[in-house]
**Student:** 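Below you will find the structure I want to go over with you.
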Amino acid sequence: MPQEDKVKKVKVKKTKAAVLSDDLSSGDTHLEFKKVKAETSEKAQQKQKGTKQHKVKSPKKERTDFEIADDKRLKQEASDGDFMPEKKGKKRKRKLESVEGPSSSSAPSLPKKKKKSPQEAEGCSGLEKKKRKSEAKNKKVKKEEKEERPVTAKKKTKEEIEAARALKIKKKEEEEQQRWRWWEEEKYEDGVKWRFLEHKGPYFPPEYQPLPDNVKFYYDGKPVKLSLAAEEAALFFAQMLDHEYTTKDVFRDNFFKDWRKEMTLEERMLITDLNKCDFGELHAMHKEKVEARKNMSKEDKLVIKQANQKILEEYGYCMLDHHRERIGNFKIEPPALFRGRGEHPKQGMLKKRIQPEDVIINCSRDSRIPEPPAGHSWKEVRHDNTVTWLASWTENVQGSCKYIMLNANSKLKGEKDWEKYEVARKLKTCVNAIRAQYQEDLKSKHMGTRQRAVALYFIDKLALRAGNEKEEGETADTVGCCSLRVEHITLHDTLDGEKCVVEFDFLGKDCIRYYNKVPVSKRVFKNLKLFMQNKQDGDDLFDRLNTAMLNKHLSSLMPGLTAKVFRTYNASMTLQQQLKELSNSSDNPAEKLLSYNRANRAVAVLCNHQRAPPKTFEQSMANLQAKIVSRKEQLALAKKELKQAKKEAKRSSDSKLLVVVEKKKKAVQRSEEQLLRMEVQATDREENKQIALSTSKLNYLDPRISVAWCKNMEVPLDKIYNKTQRDKFAWAIDMTERNFLF
DNA sequence: TTGGTTACTTAGAAGGCTCCCG
DNA sequence: CGGGAGCCTTCTAAGTAACCAA
């Protein structure tokens, strides 16, 4: 078997030392500056899709999302200045928000704390707020009714239905009332994350249950009773036998090596070849268990559910500054075989069971310190209120730290999220200056500066990730902007009728391929040629640059600015722009949603958020098409019947017939609506085949843009955000007015 | 300047759950 | 009323970036 068939070419050692003289006054300093024209980059592969037309409202829809996304964004960039309330006039508008707020009695410090942009600040008078709140409540109630009906089974009596509904509404109200409106509170001084933190500690996975006697592992045809530890590891492997992982050499080798470490001496002597191992019975047992689980009775399922609920109640929450907050991941990761993404050199290694002795607890000194499981003790208990984690441990495969932290709907996460978007919005006010500067820097005498300028150009224009350096052999070979190598780009003087085209092809985070052909300015192009001179495939494209240098530079341009802010900024900008472009308040609800999804999709394309096409995709698409066809037939029939009925009504003037005509009309109308909805759905789904919308929605798009859009378009928010998302974005939902601009 | 450590965000896969349709 | 499609949650890997010490 081809061991490591994909061994990556030798990577240059990552020291970007000063090898070459940094001075390059020679050569091409005479490059002309040419305005970057509106580039229409398109992603090669995915192309044709998205143009699939069916009745779509606006004529501009003829192009792919990619094209739309990209040049919309560029147009936006061009006109960015219009939006800028104050360019470089400094004096950031911290507007000491005396407008509202529970007195600033205790806020001597925090100079840059407590930000409120003008939009937020205005309309925050108590009165306004109250009004808004009650509005929200009303809406909620209405929604509730809608959601309620289908849920309640028909068996129930009317009263029961009523009661259930009332209960649900009440619960909702209570929830709303209990919600911690932290965004209305004063922020803590720098670095302090909490004043009081109490929790029960992490939840440990159940102990390993040894195999029953009738399930045997065989080596070389003979049954072997394994020691507990070895048996557990064997089961991990057996459970994965259906997975492609277990066919990979690296995975198998790593597993075998680590498995042998778990074995007793005798076992190790005996078991020397993975290929002679027969996990068949273990595998079968596992499958049986899965099957049995699936076929469990309703009652049994309920019992399990309730047990889980109980665990959640006990371990899933903590008290943070007098508020009960949900913990995101309160369970310790169970032991397993490591599943790295892509060609990970460590795939298959044994991720060991975590003991309380490995776990550091973080909580308030004056809280009830969590009890370790009986007979155990914690590695350490500390009281550090400058961090947000409740517990941590070091994982053995990569040696990295794992944390237990709060849920996304918590104050700690929400506040950070809000802050992130505020930084991105701040970038808006100085992005023009920064762009002008890097254009200028393309001409710099210093190689390092030029490289920085080109990298920044990519990060800004293509929303590439920063690209930190990685230790070789520890992870899959993936890159970001600063770590691009010569092999990852191809320069084309002309390509498909465009000049100066850069073709990118590399694996990014999670080994997701980034493929894109982008026309760039002549100057950038020439610089790239220069950077690539005398280099080989495996050499760094930006050998004088790393993320630390880049970020240092960025933070000097604007406090808080780092490479990743550009991604947030450009993503949110694109969404706002696309929504404006694509949606009309006169559209019907389905069309509005399609527009929103398209805008969202434009961002996902920009950020290269992909997913494996669902396994059932082709099938379900065919099903949908079939349904559309049959619906069309139905519609034709309905129309025919309507005609017929009209004819008859005319002839006989029997009033009953008129009623029939009305009925038929309704049927036609209904049919048409359903057909439209299906067609829209089909388009949406097709365009979405391998694009993941959720990542951008959750991490890059300022929720206030979406909330404002919903208000303007009169789209119920729950069409856009599900419950979890509404929870996470509660701060934005509460504070956003329809006139919000990112 | 580097190299390790730490803390926190961002990412897609997998599996469970719900709801809808025939 | 059973099965399956798709939405939602959970899981944990894989990034970014700051910090610290030598």
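A, B, ... follow the sequence lines: proteins, then strands. Residue 1 opens every chain.
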**Student:** Tell me whether the OP1 or OP2 atom of dT9(B) has a side-chain N or O from Asn699(A) closer than 4.0 Å.
**Tutor:** no

**Student:** Just to confirm, is there a sub-4.0 Å distance from OP1 or OP2 of dA11(B) to any side-chain nitrogen or oxygen of Tyr700(A)?
**Tutor:**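 Yes, because at least one side-chain N or O of Tyr700(A) sits under 4.0 Å from OP1 or OP2 of dA11(B).
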
**Student:** Which part of the nucleic acid, if any, lies within contact of Lys697(A), taking any heavy atom under 4.0 Å across all strands shown: a base, the sugar-phosphate backbone alone, or nothing?
**Tutor:**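 The residue Lys697(A) makes no contact with any strand.
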
**Student:** Ignoring backbone atoms, establish whether Thr547(A) has a side-chain N or O less than 4.0 Å from OP1 or OP2 of dA17(C).
**Tutor:**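 No, no such contact exists.
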
**Student:** Go through it in stages, so that I can follow the logic: the residues are Trp182(A) and Trp418(A), the test is side chain to side chain contact (heavy atoms under 4.5 Å, CB included), and I'd like the CA-CA distance, side-chain angles, deciding distance and then a yes or no.
**Tutor:** CA-CA 12 Å; Trp182(A) 50 260; Trp418(A) 181 18; 3.8 Å; yes

**Student:** Of Asn407(A) and His344(A), whose nearest nucleotide on DNA chain C comes first from the 5' end?
**Tutor:**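 That would be Asn407(A).
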
**Student:** Can you figure out which of dC8(C), dT16(C), dA13(B) approaches the side chain of Arg341(A) most closely?
**Tutor:**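 Side chain of Arg341(A) sits closest to dA13(B).
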
**Student:** Hey, does the side-chain of Lys509(A) have a donor or acceptor N/O within less than 3.5 Å of a partner on the base of dT10(B)?
**Tutor:** yes

**Student:** May I have the distance from Leu698(A) (atom CG) to dA11(B) (atom P), rounded to whole angstrom?
**Tutor:**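 Going from Leu698(A) (CG) to dA11(B) (P), I get 10 Å.
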
**Student:** Answer yes or no: does a side-chain N or O of Thr562(A) lie under 4.0 Å from OP1 or OP2 of dA17(C)?
**Tutor:**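 For Thr562(A), the contact criterion (side-chain N or O under 4.0 Å from OP1 or OP2 of dA17(C)) is met.
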
**Student:** For Thr475(A), run the side-chain hydrogen bond (donor to acceptor under 3.5 Å, both in side chains) check against Gln398(A), Arg341(A), His344(A), Lys470(A) and tell me which one passes.
**Tutor:** Lys470(A)

**Student:** Does a sphere of radius 6.0 Å around CD in Glu244(A) hold more than 12 heavy atoms from other residues, nucleotides or ligands, not counting ones at 6.0 Å or beyond?
**Tutor:**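 Result for CD/Glu244(A): open.
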
